[in-house]
Enquirer: 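I'd like to ask some things about the structure below.
Remember, it's a predicted structure, so these values are computed and weren't measured experimentally. Chain naming here is simple, since letters A, B, ... match the order of the sequence lines and numbering starts at 1 in each.
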Amino acid sequence: MISQKLNIYNTLDRKKEEFVPHHPGHVGMYVCGPTVYGDGHLGHARPAITFDLLFRYLQHIGYKVRYVRNITDVGHLENDADQGEDKIAKKARLEELEPMEVVQYYLNRYHKAMEALNVLPPSIEPHASGHIIEQIEYVKKIEEAGFAYESNGSVYFDVEKYNKSHHYGKLSGRNIDELLNTTRELDGQQEKKNSFDFALWKKASPEHIMRWPSPWSDGFPGWHLECSAMGQKYLGEEFDIHGGGMDLLFPHHECEIAQSVAAQGHECVHYWMHNNMITINGQKMGKSLGNFITLDQFFTGDHPALAQAYSPMTIRFFILMAHYRSTVDFSNEALQAAEKGLNRLMEAYANLEKITPADKSTVEIAPLRQKMYDAMNDDLNSPIVISHLFECASIINRILAGNESIDAATLAELKETMSLFMFDILGLKNETTAASDNNEAYGKVVDLILEMRQQAKANKDWATSDLIRNKLTELGFEIKDGKEGAEWKLAK
RNA sequence: GGUCUCUUGGCCGAGUGGCUAGGCACCGGUCUGCAAAACCGCCUACAGCAGUUCGAAUCUGCUAGAGACCUCCA
């Protein structure tokens, strides 16, 4: 166990707090996962990467973490549908597929994208559709506690009653009076006592495909229930961290708090963490606005707004270059800057192999290492960690240029520190070397060509030398001339 | 309309009362046959106005602009 005092920003109090786990040595964390009825876009990468960073760091500093990230495959209403049919059911009818076929298709693609982004799989990835019984039981508990009422086969949460003994709106900083006039007309509104009441169970209309039997009606669980039910099932009545996007703060997370307090008499989450949005032209990238770019489109470059393809690691690095609670604006310029910066770090790391240790060291690594820990402990300040990694890169380059020297022990420390923060904690990985190192014969051919160029240079045959270099560059190689011959690598 | 947040150099993006990150781009230099890469140097900003303070990008107020949530959305 590495002793680190981690501070995280708790949305509940709007300030940074020291993280103290409920059970010493263990962390339970729940993060709202995707609704799998479409391809993941850049916005989906943000919480995945943010909480992957937290997951990795918590494990690194010695916690045993159970990380639950759900898959939403039922329960959300389609707002543009006349009868409020289930999103997945609607998509299924359009494509004439089984609802679960649609779910499986997009889930597979989601997993593939996450793997490409080097996002570790969570400990448990429960499906809402696999937890209907738990959700029904949860509704019963809320009913027994007197905070729910049945109306025409549906069950609603009685917000007004709840608010008499608790504060509905404590997380999002709202109060019930403000909500009175600002709630939208929805299907089933006439069944509710108040417009701000939310559904715990919805009776299914005859054409609704996804439905389950319940004490109240054949129907489906309400919008906010799955996270409460599955969080409790796998992490207990009280657990440490609940994460998700800021756009889920209200009503989703607010309702979760109300549900858990109603069902079990107390709150269950100690730290609420929210990642900010990714914007495009200053506006939130989102499904409803139709301004999203899918992750696959980024990887292939196949989108009118993209000047080029961006590798998964460029996307990951781009997201980590900003703090998770800041908005980050998408642009080709910013992505290209991230790509170049990442290459620089990776090259510097690879260049560690070329360093010959000296007797004395003119550089110190320990203070840098501590600064990186400090940054992580300060609410996961990944941009600061990255700035120190660039400092490491600069040190390596200065050593190679002969401006600094390093002894063997410090060199080992430098390598270990960079590897720890770049690969283990930030979760970056080297994409380029893997591509160029894995075919020996092919590499030797390139070496041979460069040897021939070296001959030409020795003969001062600049025309031939430049021709070879230009042709290789055209083919996507990057040639670097050094004192002892040339080096090459495959440019991306 | 209500609630909340943001506005940092050419671009991206940290930073919350004095020590003024980092990346990308630009420019100058070293190196090179020429380039590239690398190294050295340069660029020193905090929307505007007023206030608090010995001192403010950082605190307070006002003004302007932008965004989020209030409806499924990461």
Side-chain angles (χ1 to χ4, degrees), chain A residues 14 31-35 37-38 40-51 72 75-81 84 87 169 172-175 177-186 196 223 243-252 254 274-279 282-289 292 317-318 321-323 325-331 333-342 344-345 347-348 351 371 375 378 381-391 393-394 396-398 400-403 457 460-462 465-466 469-470 473 478-483 486-487:
Chain A
R14 317 247 156 175
V31 173
C32 292
T35 303
Y37 70 111
H41 58 77
L42 186 59
H44 291 96
R46 190 104 197 254
I49 289 170
T50 297
F51 293 104
T72 297
H76 286 256
L77 298 172
E78 184 83 271
N79 77 334
D80 56 356
K87 267 184 181 176
S172 57
R174 283 158 218 260
N175 55 61
D177 305 324
E178 295 162 8
L179 294 168
L180 263 172
N181 301 319
T182 57
T183 305
R184 171 181 181 270
E185 281 299 312
L186 262 183
F196 43 63
W223 319 351
M246 270 183 190
D247 49 354
L248 297 177
L249 227 159
F250 189 90
H252 184 55
E254 201 68 72
H274 291 95
N275 62 274
N276 213 321
M277 302 293 108
I278 287 177
T279 59
Q283 207 177 28
K284 173 180 154 183
M285 185 182 280
K287 192 168 273 297
S288 56
L289 291 162
F292 61 92
F317 191 64
F318 169 69
M321 283 213 303
H323 188 260
R325 284 190 289 110
S326 302
T327 56
V328 55
D329 197 54
F330 155 81
S331 69
E333 293 74 19
L335 256 333
Q336 283 159 0
E339 183 177 55
K340 285 182 187 171
L342 179 60
R344 209 179 136 209
L345 282 184
E347 257 175 66
N351 285 342
K371 280 182 190 172
D378 184 17
N381 201 327
S382 55
I384 296 290
V385 174
I386 290 171
S387 79
H388 295 310
L389 284 173
F390 276 112
E391 178 60 26
S394 176
I396 292 166
N397 289 332
R398 288 204 302 270
L400 287 171
N403 295 334
K457 284 177 70 171
K460 296 200 190 296
D461 179 3
W462 308 129
S465 150
D466 287 354
R469 184 177 64 197
N470 293 342
T473 305
E478 194 178 299
I479 310 301
K480 290 185 200 174
D481 285 338
K483 288 243 158 63
E487 287 178 28

Enquirer: Considering only atom C1', compute the distance from B:A38 to B:G48 and round it to an integer number of Å.
Expert: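 After rounding to an integer number of Å, I get 43 Å for this pair.
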Enquirer: Categorize A:His274 for me: base, sugar-phosphate, or nothing, with a 4.0 angstrom heavy-atom threshold over every strand shown.
Expert: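 Here A:His274 touches no strand at all.
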Enquirer: Tell me the interatomic distance from A:Phe318, atom CZ, to B:G13, atom C1', rounded to whole angstroms.
Expert: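 These atoms are roughly 10 Å apart.
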Enquirer: Would you say the side chain of A:Phe390 lies within less than 4.5 Å of the side chain of A:Leu345, judging by non-hydrogen atoms?
Expert: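 Yes, their side chains come closer than 4.5 Å.
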Enquirer: Nearest whole angstrom, please: distance from the C1' of B:G23 to the CD of A:Glu339.
Expert: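 Computing the A:Glu339:CD to B:G23:C1' distance gives 13 Å.
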Enquirer: So do A:Arg174 and A:Phe196 actually touch side chain to side chain, heavy atoms under 4.5 Å?
Expert: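 Side chain of A:Phe196 against side chain of A:Arg174, heavy atoms only: no contact under 4.5 Å found.
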Enquirer: Among the candidates B:C69, B:A38, B:A21, find the nucleotide nearest to the side-chain atoms of A:Ala401.
Expert: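 Out of B:C69, B:A38, B:A21, the nucleotide with an atom closest to A:Ala401's side chain is B:A38.
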Enquirer: In whole angstrom, what separates A:Asn276's CG from B:C69's C1'?
Expert: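 After rounding, the gap between these two atoms is 12 Å.
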Enquirer: Nearest-Å distance, CD1 (A:Ile384) to C1' (B:U20)?
Expert: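 So the two atoms are 13 Å apart, to the nearest Å.
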Enquirer: Is there a side-chain contact between A:Ser326 and A:Val328 (heavy atoms, below 4.5 Å)?
Expert: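 Not in contact.
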Enquirer: How many Å lie between CG on A:Leu335 and P on B:C11, as a whole number?
Expert: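 The distance from CG of A:Leu335 to P of B:C11 comes to 18 Å, rounded to the nearest Å.
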Enquirer: What does A:Gln336 touch in the nucleic acid at a heavy-atom separation under 4.0 angstrom: a base, only the sugar-phosphate, or nothing?
Expert: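 Contact class for A:Gln336: none.
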Enquirer: Categorize A:Ser465 for me: base, sugar-phosphate, or nothing, with a 4.0 angstrom heavy-atom threshold over every strand shown.
Expert: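 Touches a base.
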Enquirer: Given B:C24, is OP1 or OP2 found less than 4.0 Å from the side-chain N or O atoms of A:Arg344?
Expert: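 For B:C24, OP1 or OP2 has a side-chain N or O of A:Arg344 closer than 4.0 Å.
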Enquirer: Does A:Asn397 make a side-chain N or O approach to OP1 or OP2 of B:A38 shorter than 4.0 Å?
Expert: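 So the side chain of A:Asn397 is outside the cut-off, no N or O lying under 4.0 Å from OP1 or OP2 of B:A38.
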Enquirer: Do any N or O atoms from the side chain of A:Ser465 and from the backbone of A:Asp461 form a donor-acceptor pair under 3.5 angstrom?
Expert: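 Answer holds: no.
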Enquirer: Heavy atoms under 4.0 Å, any strand shown: does A:Asp329 hit a base, just sugar-phosphate, or nothing?
Expert: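 Sugar-phosphate only.
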Enquirer: Which part of the nucleic acid, if any, lies within contact of A:Leu248, taking any heavy atom under 4.0 Å across all strands shown: a base, the sugar-phosphate backbone alone, or nothing?
Expert: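 Result for A:Leu248 = sugar-phosphate.
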Enquirer: So which heavy atom on A:Ser172 is nearest to which on A:Phe250, and how close?
Expert: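 In this case the closest contact between A:Ser172 and A:Phe250 is OG-CD1, 3.3 Å.
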Enquirer: Ignoring hydrogens, what is the shortest heavy-atom contact between A:Ala322 and A:Ser382? Give both atom names and the distance.
Expert: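 Shortest heavy-atom contact: O-OG, 3.7 Å.
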Enquirer: Does A:Glu333 or A:Phe390 map to a spot on RNA chain B nearer the 5' end, using the closest nucleotide for each?
Expert: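 Nearer the 5' end of the strand: A:Glu333.
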Enquirer: Between atom CE in A:Met277 and atom P in B:G67, what is the gap in whole Å?
Expert: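 Distance, rounded to whole Å: 16 Å.
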Enquirer: Given the C1' atoms of B:A45 and B:A56, what is the spacing between them in whole Å?
Expert: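 Result for the C1' pair: 15 Å, nearest Å.
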Enquirer: What is the distance, to the nearest angstrom, from the CG atom on A:Asn275 to the C1' atom on B:A68?
Expert: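 After rounding, the reported distance stands at 13 Å.
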Enquirer: Base, sugar-phosphate alone, or nothing: which one does A:Gly43 contact when heavy atoms must sit under 4.0 Å apart?
Expert: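 The residue A:Gly43 makes base contact.
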Enquirer: Between A:His388 (side chain) and A:Val385 (backbone), is there a donor-acceptor pair under 3.5 Å?
Expert: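 Here the side-chain-to-backbone pair does not exist.
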Enquirer: Ignoring hydrogens, what is the shortest heavy-atom contact between A:Phe318 and A:Ala334? Give both atom names and the distance.
Expert: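 Nearest heavy atoms, A:Phe318 then A:Ala334: CE1-CB, 3.6 Å.
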Enquirer: What's A:Leu389 touching, base or sugar-phosphate or nothing? Going by heavy atoms closer than 4.0 Å.
Expert: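 A:Leu389: no heavy atom of the nucleic acid under 4.0 Å.
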Enquirer: When rounded to the nearest Å, what value does the distance between C1' atoms of B:G9 and B:C59 take?
Expert: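 It works out to 24 Å between them.
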Enquirer: Which of the following nucleotides, B:G13, B:C34, B:A37, is nearest to the side chain of A:Pro383?
Expert: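 Among the listed nucleotides, the one closest to the side chain of A:Pro383 is B:G13.
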Enquirer: For B:G2, does OP1 or OP2 lie under 4.0 Å from any side-chain N or O of A:Arg174?
Expert: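 For B:G2, neither OP1 nor OP2 has a side-chain N or O of A:Arg174 closer than 4.0 Å.
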Enquirer: State which residue, out of A:Gln283, A:Arg46, A:Lys284, fulfils the side-chain contact (heavy atoms from CB on, under 4.5 Å) condition with A:Met277.
Expert: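 Of all the options given, the one that passes is A:Lys284.
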Enquirer: Search all heavy atoms of A:Asn275 against all heavy atoms of A:Pro47 and return the closest pair with its distance.
Expert: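 So the minimum-distance heavy-atom pair works out to OD1-CB, 3.3 Å.
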Enquirer: B:G22 C1' sits how many Å from A:Phe317 CZ, rounded?
Expert: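 Taking CZ of A:Phe317 and C1' of B:G22, I get 9 Å after rounding.
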Enquirer: Using atom names, set out every protein N or O paired with an N or O of nucleotides 25-29 of chain B below 3.5 Å, distance rounded to 0.1 Å.
Expert:
residue : atom : partner  : partner atom : Å
B:A25   : OP1  : A:Lys340 : NZ           : 3.2

Enquirer: Could you grab the distance from atom CG of A:Leu335 to atom CG of A:Leu342, nearest 0.5 Å is fine?
Expert: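 Taking CG in A:Leu335 and CG in A:Leu342, the distance rounds to 11.5 Å.
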Enquirer: Which value, in whole Å, describes the distance between the C1' atoms of nucleotides B:C43 and B:G23?
Expert: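 The same atom, C1', in both gives a distance of 15 Å.
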Enquirer: Which value, in whole Å, describes the distance between the P atoms of nucleotides B:G67 and B:U52?
Expert: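 Nearest-Å result for B:G67 against B:U52 at atom P: 34 Å.
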Enquirer: Tell me what A:Met321 touches on the nucleic acid: a base, only sugar-phosphate, or nothing, going by heavy atoms under 4.0 Å.
Expert: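 Sugar-phosphate, no base atom in range.
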Enquirer: Assess the side chains of A:Arg398 and A:Ser394: does a donor N or O sit below 3.5 Å from an acceptor N or O?
Expert: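 Result is yes, a qualifying pair exists.
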Enquirer: Let's test your reading of the model: under 3.5 Å, does the base of B:A38 pair with the side chain of A:Asn351 as donor and acceptor?
Expert: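 Check fails, no donor-acceptor contact within cut-off.
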Enquirer: State, to 0.1 Å, how close A:Ile384 and A:Ser387 come at their nearest heavy-atom pair, and which atoms those are.
Expert: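 Heavy-atom minimum between the residues: O-OG, 2.8 Å.
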Enquirer: Determine: side-chain N/O of A:Asn381 to OP1/OP2 of B:G15, distance under 4.0 Å, yes or no.
Expert: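 Affirmative; the distance criterion is met.
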Enquirer: Could you check whether A:Val328 gets within reach of a base, just the sugar-phosphate, or nothing at all, counting any heavy atom under 4.0 Å?
Expert: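 It contacts sugar-phosphate atoms only.
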Enquirer: Taking the C1' atom of each, how far is B:C73 from B:G61, in whole Å?
Expert: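 Result for the C1' pair: 37 Å, nearest Å.
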Enquirer: Of the nucleotides B:C70, B:G22, B:A37, which has the atom closest to the A:Phe250 side chain?
Expert: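 Taking heavy atoms from C-beta onward, the closest nucleotide is B:C70.
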Enquirer: Given the C1' atoms of B:G15 and B:U7, what is the spacing between them in whole Å?
Expert: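 Straight-line distance between the two C1' atoms is 15 Å.
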Enquirer: Report the residue (A:His44 or A:His323) whose heavy-atom-nearest nucleotide on RNA chain B is the more 5′ of the two.
Expert: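 Between the two, 5'-proximity favours A:His323.
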Enquirer: Where each pair must be Watson-Crick or G-U wobble with both distances under 3.5 Å, what dot-bracket representation of RNA chain B is obtained, with crossing pairs in [ ] and other-strand partners as |?
Expert: (((((((..(((.....[...)))..((((.......)))).....(((((..]....))))))))))))....
Enquirer: Can you tell me whether the side chain of A:Arg469 and the base of B:A35 have a donor-acceptor pair closer than 3.5 Å?
Expert: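 In this structure, the two groups form a donor-acceptor pair.
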Enquirer: Give a yes/no answer on whether the side chain of A:Thr327 brings an N or O atom under 4.0 Å of OP1 or OP2 in B:C6.
Expert: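 It does not, given that no N or O in the side chain of A:Thr327 lies less than 4.0 Å from OP1 or OP2 of B:C6.
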Enquirer: With rounding to the closest Å, how many angstrom separate the P atoms on B:C62 and B:U20?
Expert: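 Roughly 33 Å separates the two P atoms.
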